[in-house]
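Order of appearance sets the numbers: ligands from 1, and atoms from 1 within every ligand. Because only heavy atoms are used, hydrogens play no part in the values below, and waters and symmetry mates are left out as well, while side chains stay in.
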Amino acid sequence: MITKLVTIGSEQDLQKLEEAAKIMKDGGLVAFPTETVYGLGGDALQSDAAQKIYAAKGRPSDNPLIVHISRIEDLSKIAKNIPNEAYSLAEHFWPGPLTMIFDKRSCVPDSTTGGMDTVAVRMPSHPVALELIRRSGGFIAAPSANTSGRPSPTKASHVEEDLNGKIPMIVDGGSVGIGLESTIIDFTAPIPTILRPGFLTVEDFEPIIGEVRIDPGIIASDSKVKPKAPGMKYRHYAPGGALTIVRGNRKRVAEYIKTKAFEHGDSKKVCVLCLKCNENYYAHMEHLVLGNDMQEIAANLFSVLRICDDKKADIIYSEAIEETGLGRAIMNRLKKAAGGQIVDV
Ligand code: TXA
Ligand code: MG
């Protein structure tokens with residue numbers, strides 16, 4: 001299959017989405033930008049489209065997809081038992097990086113929800129995503145547009161790396177703003193529960209809806225408790241090299257990493273991921289800068305993990321990030337990429 005690349009750089013270019021919309025109405029797939037990561041879209045109400053998504057990504061078909069909408073009125077067409085708290089969050093954060101889980105209506109095929117009787121719904125804020133959903137019938141299933149297990153794509157070139165030749169079209173809308181997938185909150189639980197940390201945090205939600213829980217299955221990656229979002233149980237975002245997170249005082253972290261790199265000698269290619277402010281500790285080593293602050297680190301993380309692969313790094317050490325606010329989502333992704341491998345020094 002030849003993959004067509006369509007670039008959207010201005011409002012006028014949105015006209016170019018007509019062809020993309022037709023592909024999805026006919027049951028085909030289109031990758032497109034959202035404000036979090038690029039998504040691989042297909043009509044959420046056509047069960048064949050979901051099958052195609054699982055095949056293109058190489059994703060287990062018991063891992064449900066998020067349904068993307070462009071208008072709040074469409075929520076109750078696919079979901080039921082929607083509590084008022086959910087509408088309050090929608091009012092504050094939609095369109096935006098928030099996914100909410102509800103009981104599903106029967107129009108949503110089982111293949112879209114991986115056989116679950118609940119459905120995850122999000123209204124993205126990226127203008128290209130919104131326009132495309134609107135033109136394509138209003139209900140677009142879209143997981144991140146990466147091969148299953150690889151870091152999520154934050155630019156169109158990442159999507160091309162993974163899916164070129166496997167899907168008919170990629171819409172290029174430039175680099176995404178946030179860089180980590182949406183926060184998922186489950187409204188089918190007695191107390192609303194965060195199943196995947198993201199840009200929006202407990203601190204954003206609690207002033208609006210009161211108590212919010214965090215799924216125990218995601219707090220510690222070494223925990224024996226199974227996460228409730230099926231996708232959170234897999235090793236994910238993983239670069240080809242073996243990644244270890246090193247946590248502690250930054251000087252001791254640098255000493256540990258340098259000692260380890262020395263032990264590996266020339267037999268292994270070692271790469272370090274560090275904060276901008278700690279770069280001088282690693283001046284004489286192969287290193288990649290994650291960023292200065294949390295937002296920058298979130299935006300760069302997946303791209304940096306892909307660069308580790310481009311560099312064919314065998315061994316990767318990353319500084320740990322402080323687990324507050326957005327740092328919780330960053331560390332969640334980093335821990336999954338590391339397969340839970342953390343050293344405290
Ligand atoms: O930011 C995002 O959410 C991006 C963009 C493209 O919108 N999408 C995304 O989709 O990250 P995906 O498929 O890569 O991740 C969806 C996650 C998976 O962990 C899946 O298991 C969980 O959501 N999920 C989906 N439906 C669910 C449900 N009904 N119950 C529990 N977890 C669900
Ligand atoms: Mg994903």
Please confirm whether [X] comes within less than 3.5 Å of ligand 1 when only nitrogen or oxygen atoms on both sides are compared.
X      : value
Thr34  : no
Leu195 : no
Arg122 : yes
His68  : yes
Thr36  : yes

[X] side-chain N/O to [Y] backbone N/O, donor-acceptor pair under 3.5 Å:
X     : Y      : answer
His92 : Ser88  : yes
Ser70 : Gly138 : no
His68 : Met123 : no
Gln51 : Ser111 : no

Is [X] touching ligand 1 with its side chain, its backbone, both, or neither, if touching means heavy atoms under 4.0 Å apart?
X      : value
Ile184 : side chain
Pro64  : both
Arg196 : side chain
Met116 : side chain

So is [X] close enough to ligand 1, meaning a heavy atom under 4.0 angstrom away?
X      : answer
Arg59  : yes
Pro124 : no
Thr113 : no

Would you say that more than 12 heavy atoms from the other residues, nucleotides or ligands in this model lie under 6.0 Å from the NZ of Lys16, or not?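 Enclosed: over 12 neighbouring heavy atoms sit under 6.0 Å from NZ of Lys16.
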CZ of Arg213: more than 12 outside heavy atoms within 6.0 angstrom?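 Counting neighbours around CZ of Arg213, 12 or fewer heavy atoms of other residues, nucleotides or ligands fall under 6.0 Å, so no.
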Look at [atom] and say which protein heavy atom is nearest, naming residue and atom and giving the distance to 0.1 Å.
atom                    : result
atom 8 (N) of ligand 1  : Ala142 O, 3.6 Å
atom 6 (C) of ligand 1  : Gly39 CA, 3.5 Å
atom 16 (C) of ligand 1 : Ile66 CD1, 3.6 Å
atom 18 (C) of ligand 1 : Asn63 OD1, 3.7 Å
atom 19 (O) of ligand 1 : Gly231 CA, 3.2 Å

Any [X] side-chain heavy atom under 4.5 Å of [Y] side chain:
X      : Y      : result
Thr244 : Ser318 : no
Ser148 : Pro60  : yes
Thr112 : Val119 : no
Asp215 : Ile194 : no
Val272 : Tyr281 : no
Ile53  : Leu29  : yes

Are any of the side-chain nitrogens in Lys77 or Asp74 under 4.0 Å away from the carboxylate oxygens of its partner?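 Here Lys77 pairs with Asp74 in a salt bridge, since their nearest N and O are under 4.0 Å apart.
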For ligand 1, which atoms sit closer than 4.0 Å to a heavy atom of [X]?
X      : answer
Ile101 : 27 (C), 28 (C), 30 (N), 31 (C), 32 (N), 33 (C)
Ser182 : 1 (O), 2 (C), 3 (O)
Ser144 : 8 (N), 9 (C), 10 (O), 12 (P), 14 (O)
Glu181 : 1 (O), 2 (C), 11 (O)
Ala120 : 25 (C), 26 (N), 27 (C)
Thr118 : 28 (C), 29 (N), 30 (N)
Pro230 : 21 (O), 31 (C), 32 (N)

Check the pair Asn146, Asp162 against side chain to side chain donor-acceptor pair (under 3.5 Å), reporting the backbone distance first and the verdict last. CA-CA 6 Å; Asn146 51 292; Asp162 286 12; 5.2 Å; no
Does Asn146 bring an N, O or S atom to under 2.8 Å of the Mg ion (ligand 2)?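 Not a single backbone or side-chain N, O or S atom of Asn146 is under 2.8 Å from the Mg ion (ligand 2).
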On a heavy-atom basis, I'd like to know which of Gly41, Ala145, Pro143 is closest to atom 12 (P) of ligand 1.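 The option holding the nearest heavy atom is Pro143.
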Pair Thr99-Ser182, side chain to side chain donor-acceptor pair (under 3.5 Å): steps then yes or no: CA-CA 6 Å; Thr99 296; Ser182 59; 2.7 Å; yes
